[in-house]
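In what follows, chains are A, B, ... by sequence order, proteins preceding strands, each numbered from 1. None of the values given here were measured: they were computed from a predicted structure.
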Amino acid sequence: MTMKLRFGLAMLIAACALVACHTTQPPVTTELVSGNYTFVSKDPDSRATDHNLNRLVLQSDGTYDLVEGGTTKPASEKKGTWRIEPGSPSGVVNVVLDHAGYPVKIKKSEVRLLIDLDTGVWWTKPR
Amino acid sequence: VAATAQVAAMTSEFFSGLRPGNLTFGPNSATSQVMAQSGPVQDVLNSYYMTGQTSGLYTFGLPGLVAAGGNPVAQFVGSFRWSITPTDGGINLSLTNTTSFRSLTYDVGPQWQRGSWPTPMGNTHQTFNIAANCQ
């Protein structure tokens with residue numbers, strides 16, 4: 001593909017994205033993201049029994065409790081502090097568990113903490 | 001030129017389902033070095049230096065598209081997961097990416113694994129290792 005054609009395609013995508021993504025996400029607040037999360041994985045490479053015990057609790061006092069594991073994978077528990085921070089690229093807001101960031105996506109009926117967009121892995125809780 | 005050729009090869013291998021689906025690029029490879037110069041990687045490094053965050057997900061979208069600019073590797077990779085390990089002389093940055101039909105369709109389409117037989121558009125995985133020295 002020539003650079004000129006690629007640039008044109010990028011501009012077309014950008015224009016479509018501007019139109020399609022004009023809805024702004026509500027502000028990410030402690031009240032909005034606190035709560036009990038369940039784990040979702042659409043990754044065909046992952047076994048459900050490796051992560052069926054996963055859970056994440058974000059307390060409104062800024063502490064979290066993360067359990068990862070499943071019936072075929074030993075579970076581990078981690079506790080620490082979480083916070084909300086601006087992420088990158090600009091406009092992204094992260095929930096950061098100690099030093100690990102998760103971009104927040106607010107949907108109509110749920111709050112997602114994104115782990116992998118390519119394969120579809122995230123934490124979710126009802127909004 | 002080498003990185004552009006590598007991107008063309010990865011694109012061809014994804015669509016055809018031929019050749020290895022999992023690739024790792026070392027810090028001295030042209031592909032990792034071109035990726036290291038990209039806007040998204042600079043965004044990640046800035047985030048690390050400013051907040052101390054050592055792992056996360058870089059979401060592409062429109063800002064990512066603009067940040068990637070004409071960088072062929074960044075445009076191919078799109079969104080990626082990243083983790084940073086501090087070293088004596090700087091940091092090691094590891095980027096992992098999956099190329100899938102799902103990501104090609106902006107996360108709404110299906111995805112499938114590669115099989116032992118050529119599987120067109122089955123998921124392929126890339127890891128880019130980047131070393132950055134403290135200045």
Same cluster or not: are [X] and [Y] linked, directly or through other Ile, Leu, Val, Met, Phe, Trp or Tyr residues, by side-chain heavy atoms under 4.5 angstrom apart?
X	Y	answer
A:Val67	A:Trp123	no
B:Leu93	B:Tyr49	yes
A:Leu113	A:Ile106	yes
A:Val121	A:Val111	yes
B:Val34	B:Phe25	yes

Interface residue of largest heavy-atom contact number with chain A, from [options], under 4.5 Å:
options	answer
B:Gly56, B:Ser83, B:Gly78	B:Gly56
B:Thr59, B:Asn46, B:Ile84	B:Thr59
B:Val66, B:Val44, B:Thr99, B:Asp43	B:Asp43

What part of [X] gets closer than 4.5 Å to chain A, counting heavy atoms only: side chain, backbone, both or neither?
X	value
B:Thr51	both
B:Phe60	backbone
B:Asn97	both
B:Asn123	side chain
B:Trp112	backbone

Q) Is the shortest heavy-atom distance from the side chain of B:Ser100 to the side chain of A:Thr119 under 4.5 Å? A) no
Tell me if a side-chain donor or acceptor on [X] pairs with a main-chain N or O of [Y] at a distance below 3.5 Å.
X	Y	result
B:Arg81	A:Ile115	yes
A:Ser88	B:Ser47	no
B:Gln53	A:Val96	no
A:His99	B:Gly52	yes

Q | A:Lys73, NZ atom: more than 12 neighbouring heavy atoms under 6.0 Å | A | no
(Q) Looking at B:Arg19, I'd like to know if its CZ atom is crowded, meaning that more than 12 non-hydrogen atoms belonging to other residues, nucleotides or ligands lie closer than 6.0 Å. (A)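 No.
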Q | B:Ser79 to A:Asp118 - nearest heavy-atom pair and separation | A |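 That closest heavy-atom pairing would be O-OD2, 3.4 Å.
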Q. Of all heavy-atom pairs between B:Pro63 and A:Ser90, which one has the smallest distance, and what is that distance?
A. CG-O, 3.9 Å
Q | Choice from A:Val92, A:Asp98, A:Leu114, A:Asp45 maximising heavy atom contacts with chain B below 4.5 Å | A |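 Among A:Val92, A:Asp98, A:Leu114, A:Asp45, the one with the most close pairs to chain B is A:Asp45.
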